Amino acid sequence: MGSSSGQPEFDYLFKVLLIGDSGVGKSSLLLSFTSNTFDDLSPTIGVDFKVKYLTIGEKKLKLAIWDTAGQERFRTLTSSYYRGAQGIIMVYDVTRRDTFTNLSDIWAKEIDLYSTNQDCIKMLVGNKVDKESERAVSKKRRHRLCSGVRMFVSGV
Ligand SMILES: Nc1nc2c(ncn2[C@@H]2O[C@H](COP(=O)(O)OP(=O)(O)O)[C@@H](O)[C@H]2O)c(=O)[nH]1
Ligand SMILES: [Mg+2]
């Protein structure tokens with residue numbers, strides 16, 4: 001906190017996670033979201049951690065966005081990855097159905113097990129929509145996954 005002007009650096013700090021199978025595009029999403037303004041922190045703790053500042057209305061938000069360093073391949077994310085997250089972005093590849101079914105079969109269970117914040121907001125993102133001709137997960141199916149789970153869906 002604190003800057004040279006005496007104004008606080010931010011009003012709210014949110015921890016946001018990226019979750020999903022290896023290769024779905026989590027790191028690419030993080031890069032495109034934060035490429036203009038980010039501090040690159042803590043590669044040593046086995047996660048990629050980037051910071052993004054946003055202003056919404058009069059409030060300054062500091063988003064700490066956590067990405068794995070590839071451990072999701074071995075399903076060995078630790079509880080510290082999930083701890084205290086206010087937001088979880090669940091990512092699948094629209095051309096690979098297994099990456100979609102694994103969100104409910106595997107990743108949602110991990111979240112239930114490790115997330116310490118019952119009120120955390122979940123968001124579903126179907127990535128690689130530029131490969132529309134290879135789409136393997138219909139939009140109807142996507143809505144079925146979301147019903148029953150409190151979740152936002154991105155417009156893809
Ligand atoms: N066609 C296409 N490829 C993508 C997209 N996003 C990521 N990729 C590619 O998918 C591969 C895996 O991406 P990466 O971000 O490393 O996935 P991660 O393992 O989930 O972090 C890379 O070769 C990316 O270039 C996308 O929106 N469209
Ligand atoms: Mg990655």
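One-based numbering, in listed order, for ligands and for the atoms of each. Small disclaimer: the values here were computed from a predicted structure and weren't measured.
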Check for me whether K62 meets the cation-pi criterion with Y12, that is, NZ or CZ under 6.0 Å from the six-membered ring centre and within 45 degrees of the ring axis.
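Not satisfied by the 6.0 Å and 45° rule.
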
Donor-acceptor under 3.5 Å ([X] side chain, [Y] main chain):
| X | Y | answer |
| --- | --- | --- |
| T101 | D98 | yes |
| R97 | A136 | yes |
| Q86 | F14 | no |

When you compare the side chain of [Y] with that of [X], does any pair of heavy atoms fall below 4.5 Å?
| X | Y | value |
| --- | --- | --- |
| F49 | I65 | no |
| I19 | V91 | no |
| K52 | F33 | yes |
| I121 | I88 | no |
| M123 | M90 | no |

Could you walk me through whether Y82 and L17 pass the side chain to side chain contact (heavy atoms under 4.5 Å, CB included) test, one step at a time?
CA-CA 7 Å; Y82 296 92; L17 312 180; 3.8 Å; yes

Nitrogen or oxygen atoms of [X] and ligand 1 under 3.5 Å apart:
| X | value |
| --- | --- |
| D67 | no |
| G23 | yes |
| K131 | no |

Is any heavy atom of the protein nearer than 4.0 Å to atom 23 (O) of ligand 1?
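No, because not a single protein heavy atom sits under 4.0 Å from atom 23 (O) of ligand 1.
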
What do you think, any protein heavy atom under 4.0 angstrom from atom 12 (C) of ligand 1?
yes

Heavy atom under 4.0 Å from ligand 1: found in D130's side chain, backbone, both, or neither?
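Under 4.0 Å from ligand 1, D130 contributes side-chain atoms alone.
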
Just which atoms of ligand 1 are under 4.0 Å from any heavy atom in [X]?
| X | answer |
| --- | --- |
| V24 | 17 (O), 20 (O) |
| E72 | 19 (O) |
| S22 | 19 (O) |

Can you find a non-hydrogen atom of R73 under 4.0 Å from ligand 1?
no

V129 vs R135, test: side chain to side chain contact (heavy atoms under 4.5 Å, CB included). Steps then yes/no.
CA-CA 8 Å; V129 285; R135 181 184 277 275; 3.9 Å; yes

Does a donor on one side chain sit under 3.5 Å from an acceptor on the other, for D93 and N127?
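There is no such pair between these side chains.
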
What protein heavy atom lies closest to [atom]? Include the residue and the distance to one decimal.
| atom | answer |
| --- | --- |
| atom 17 (O) of ligand 1 | G25 N, 3.0 Å |
| atom 9 (C) of ligand 1 | K128 NZ, 3.8 Å |
| atom 25 (O) of ligand 1 | S28 OG, 4.4 Å |
| atom 16 (O) of ligand 1 | S27 CB, 4.3 Å |

Of the listed options D21, I19, N127, closest to atom 6 (N) of ligand 1 (non-hydrogen atoms)
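The option holding the nearest heavy atom is N127.
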
Return the set of protein N, O or S atoms whose distance to the Mg ion (ligand 2) is under 2.8 Å, each given as residue and atom.
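Less than 2.8 Å away from the Mg ion (ligand 2) sit S27 OG.
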
Would you call the rings of Y92 and F100 parallel, tilted or perpendicular if under 30° counts as parallel and over 60° as perpendicular?
perpendicular

